[in-house]
Amino acid sequence: VEQLRGDLHRFSTIRWHTDANMRTRLAHTLSFWLLGAVALSVLAMGGLSAWNLRQGFNAYLQARDLERLDAFVALVADRLAQADGSTADAAPPPDMGALLRELEMRLGVPAPAQPRRVPPDGLPGGPPGAEDSFGARVTLQRPDGRPWVGPPIDGDVPGVIERPIVLRGEVVARALLRPLALAPDAIDRQFLLSQYLGIAAVAAVLLGLALGGALWLARQWVRPLLAVQAATTRIAQGELDVRVPVERDDEIGDVVRNVNAMAVSLQRIEGARRRWLADLSHELRTPLTVLRGEIEALVDGVRQPNQAALLSLREDALRLGRLIDDLHLLAMADLQALPCHFADADAVQIVRDVLQRHAGLAADAGLTLGWGQEPGAPVAVHWDAARIEQLLSNLLQNSLRYTDAPGRIALTLQQEAGRVHLVVDDSAPGVPAPDLPRVFEPLYRADAARGRHNGGSGLGLAICAAIAAAHGGRIDASASALGGLRVRVELPLRAAAVGA
């Protein structure tokens with residue numbers, strides 16, 4: 001218990017320095033990780049949405065360019081047809097600005113950027129900022145590839161779209177369109193910018209909500225942990241009656257329930273330890289007081305050092321020695337080091353020998369001792385026969401000591417499903433029901449019915465429980481049909497060392 005309390009104190013000191021430090025460290029850590037996870041998700045989703053929007057918008061612009069180019073080719077073909085089927089070599093350069101305006105009228109959209117000027121070299125220019133408009137990216141060439149009208153465009157550049165202008169089955173000119181590099185005009189750029197701003201605003205709102213949610217969730221997680229920290233600190237300081245309110249059904253709630261269960265267990269162990277020390281001091285003091293009194297009587301000459309006095313001293317010394325041996329046996333059992341030497345034996349013969357040894361004592365006490373139901377055949381077991389005899393002897397001595405005469409003690413042996421059941425029943429008086437779970441505690445007596453005036457150290461049943469556990473069995477107590485106590489021992493047919 002002291003070691004466990006020390007471990008709890010060190011845990012409280014090392015792991016949780018102070019309430020404020022723990023709250024800061026844990027709450028901020030949880031908030032950081034939750035916010036980071038949400039931020040990463042939002043940024044990834046926003047970036048993917050922006051990329052997808054840009055790609056989709058560019059695909060839309062390219063499709064619109066192809067539609068305009070095809071309409072532009074049809075328009076130029078019409079103009080050449082109206083010029084009596086002239087080719088680009090014979091016809092004069094058309095007015096590019098007029099063609100573009102008529103094209104936009106045909107498509108039913110607002111007019112594009114300002115029409116291009118025609119510089120001295122005969123190629124149209126354009127106002128600043130109109131480099132990505134349709135008119136700045138389309139040109140007409142003669143059938144042999146020589147420029148006819150429009151800005152210079154190299155048809156071998158990747159991405160340039162070329163459409164032949166065919167009239168009566170003959171290519172009379174060629175139209176080339178340079179691809180878009182970015183969103184072309186102010187309206188398109190404004191559209192993309194508004195979409196990006198919307199994505200950024202949504203991301204900011206989500207991040208804000210995530211931050212608030214992370215802080216709230218961190219506080220929800222930290223609050224019960226703070227209560228656990230405070231409770232374990234008080235438990236480490238010896239306040240074993242501390243309990244933490246359970247308000248959750250998740251893993252944190254399980255931790256709180258485990259801490260409460262640990263506190264209950266520690267409180268029970270601490271109570272047992274104090275009771276053990278008080279009872280042990282009483283049990284040792286009684287024979288020592290008697291022994292000291294007899295020795296002082298001999299020293300003072302009150303009693304003569306004769307054979308009777310020496311026999312009395314020896315009996316007191318033997319009683320004290322048995323008590324110390326029993327305490328040593330229980331201590332070894334608590335350390336899971338109870339020595340047992342397992343060998344093949346007959347359970348029926350073991351019980352028969354124990355009954356024969358106690359038959360005389362039972363008769364002297366005015367009690368009837370015998371089989372409750374005598375087995376018909378031997379029962380082969382693998383036990384420590386000496387320990388099982390000690391167990392049965394302790395049970396019978398307990399019954400002999402506390403059963404009123406005239407009375408009866410019955411011992412039953414049954415074999416069932418690979419296990420052996422040994423049952424000892426005695427007649428009145430019995431043990432009160434609330435005391436039954438405690439009869440196997442060291443030095444415990446149910447004084448109301450089985451008082452100290454009958455003698456005994458109060459360790460016999462505790463030793464029985466230790467021997468049963470060392471054989472991999474169990475023992476329990478209940479009310480007997482005879483009016484007294486029933487002790488039931490269940491052992492495997494083939495016992496082995498615990499932990500082997």
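Quick caveat, the model's predicted, so the values are computed rather than measured.
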Visitor: Looking only at heavy atoms, which two atoms of Ile388 and Trp383 are closest? And how far apart?
Guide: CG1-CE3, 3.7 Å

Visitor: Quick one: CG on Asn258 to OG on Ser265, what's the gap to the nearest 0.5 Å?
Guide: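 Interatomic distance, Asn258 CG to Ser265 OG, rounded to 0.5 Å: 11.5 Å.
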
Visitor: Can you establish whether the number of heavy atoms outside Glu315 located under 6.0 Å from its atom CD is more than 12?
Guide: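 Enclosed.
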
Visitor: Evaluate the criterion side chain to side chain contact (heavy atoms under 4.5 Å, CB included) for residue pair Arg178 and Val157; output intermediate values, then yes/no.
Guide: CA-CA 9 Å; Arg178 178 169 51 84; Val157 175; over 6 Å; no

Visitor: Counting C-beta onward and ignoring hydrogens, is there a side-chain heavy-atom pair between Asp404 and Ser427 closer than 4.5 Å?
Guide: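 Of all side-chain heavy-atom pairs linking Ser427 with Asp404, none is under 4.5 Å.
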
Visitor: Carefully, step by step, assess Arg438 and Asp435 under the rule salt bridge (Lys or Arg N to Asp or Glu O under 4.0 Å).
Guide: CA-CA 5 Å; Arg438 302 183 57 191; Asp435 294 323; 5.2 Å; no

Visitor: Hey, does the side chain of Thr232 reach the backbone of Gln229 with a donor-acceptor pair shorter than 3.5 angstrom?
Guide: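 Flag set: sc Thr232 to bb Gln229 pair under 3.5 Å.
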
Visitor: Only one of Ile350, Val420, Val423 clears side chain to side chain contact (heavy atoms under 4.5 Å, CB included) with Leu413; which?
Guide: Val420

Visitor: Which label fits Phe342 and His382: parallel for a plane angle under 30°, tilted from 30 to 60°, or perpendicular past 60°?
Guide: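 Ring orientation of Phe342 relative to His382: parallel.
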
Visitor: Of the non-hydrogen atoms in Ala405 and Leu367, which two are nearest, and what is the gap between them?
Guide: CA-CD2, 4.0 Å

Visitor: Go through it in stages, so that I can follow the logic: the residues are Leu395 and Leu461, the test is side chain to side chain contact (heavy atoms under 4.5 Å, CB included), and I'd like the CA-CA distance, side-chain angles, deciding distance and then a yes or no.
Guide: CA-CA 7 Å; Leu395 294 180; Leu461 294 182; 3.5 Å; yes

Visitor: Please list, chain by chain and in numerical order, all residues satisfying side-chain contact (heavy atoms from CB on, under 4.5 Å) with Ala297, sequence neighbours excluded.
Guide: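 Only Val302, Arg303 meet the side-chain contact (heavy atoms from CB on, under 4.5 Å) criterion with Ala297.
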
Visitor: Measuring only between side-chain heavy atoms, which start at C-beta, is Val487 closer than 4.5 Å to Asp426?
Guide: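 No. Closest side-chain heavy atoms not under 4.5 Å.
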
Visitor: Go through the steps to decide whether Leu391 and His471 satisfy the test side chain to side chain contact (heavy atoms under 4.5 Å, CB included), and finish with yes or no.
Guide: CA-CA 11 Å; Leu391 182 152; His471 281 70; over 6 Å; no

Visitor: Is the backbone of Arg243 close enough, under 3.5 Å, to the side chain of Asn260 for a donor and an acceptor to pair up by distance?
Guide: no

Visitor: According to side-chain contact (heavy atoms from CB on, under 4.5 Å), who are the partners of Val299, at least two apart in sequence or on a separate chain?
Guide: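 Per chain and number, Val299 pairs via side-chain contact (heavy atoms from CB on, under 4.5 Å) with Ile295.
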
Visitor: What's the separation between atom CG in Leu310 and atom CD in Glu294, rounded to the nearest 0.5 Å?
Guide: 10.0 Å

Visitor: For a quick test of reading the model, state the closest non-hydrogen atom pair linking Ala362 to Leu369 and the distance between them.
Guide: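 Of all heavy-atom pairs spanning Ala362 and Leu369, the closest is CB-CB, 3.7 Å.
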
Visitor: Begin from the C-alpha positions of Val379 and Leu493 and carry the test side chain to side chain contact (heavy atoms under 4.5 Å, CB included) through to its verdict.
Guide: CA-CA 9 Å; Val379 178; Leu493 284 174; 3.9 Å; yes

Visitor: How many angstroms lie between atom NE2 of His421 and atom OG1 of Thr412, to the nearest 0.5 angstrom?
Guide: 12.0 Å

Visitor: Under 4.5 Å between any side-chain heavy atoms of Leu313 and Leu298, yes or no?
Guide: yes

Visitor: Show the nearest heavy-atom pair for residues Ala433 and Pro437, with the distance to one decimal.
Guide: O-CD, 3.6 Å

Visitor: Step by step, work out the salt bridge (Lys or Arg N to Asp or Glu O under 4.0 Å) result for Arg488 and Asp425.
Guide: CA-CA 9 Å; Arg488 182 184 185 90; Asp425 288 287; over 6 Å; no

Visitor: Under 4.5 Å between any side-chain heavy atoms of Asp65 and Ile161, yes or no?
Guide: no

Visitor: Will you find, in the side chains of Arg387 and Gln390, an N or O donor that is under 3.5 Å from an N or O acceptor?
Guide: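 Present: a donor and an acceptor within the cut-off.
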
Visitor: So, for Gly473 and Leu491, which heavy atoms are closest and what is the spacing to 0.1 Å?
Guide: CA-CD2, 4.1 Å

Visitor: Once you round to the nearest 0.5 Å, how far does CG of Leu436 lie from CG of Leu485?
Guide: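 Answer for the CG-CG pair, Leu436 versus Leu485, is 6.5 Å.
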
Visitor: Are the side chains of Asp344 and Arg494 in contact, using a 4.5 Å heavy-atom criterion?
Guide: yes

Visitor: Work out which heavy atom in Ser399 is nearest to a heavy atom in Ile409; give both atom names and the distance.
Guide: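 Closest pair (atom of Ser399, atom of Ile409, distance): CB-CD1, 3.6 Å.
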
Visitor: Nearest 0.5 Å, what's the CG-CD1 distance between Asp241 and Ile235?
Guide: 9.0 Å

Visitor: Could you tell me if the side chain of Trp371 sits less than 4.5 Å from the side chain of Val351, heavy atoms only?
Guide: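 Side-chain contact under 4.5 Å: yes.
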
Visitor: Does Gln397 have any side-chain contact (heavy atoms from CB on, under 4.5 Å) partners at least two apart in sequence or in another chain, and if so, which?
Guide: His358, Ser393, Asn394, Arg401

Visitor: Quick check for you: to the nearest 0.5 Å, what is the distance between Leu396 atom CG and Glu389 atom CD?
Guide: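 Reported value, rounded in 0.5 Å steps: 11.5 Å.
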
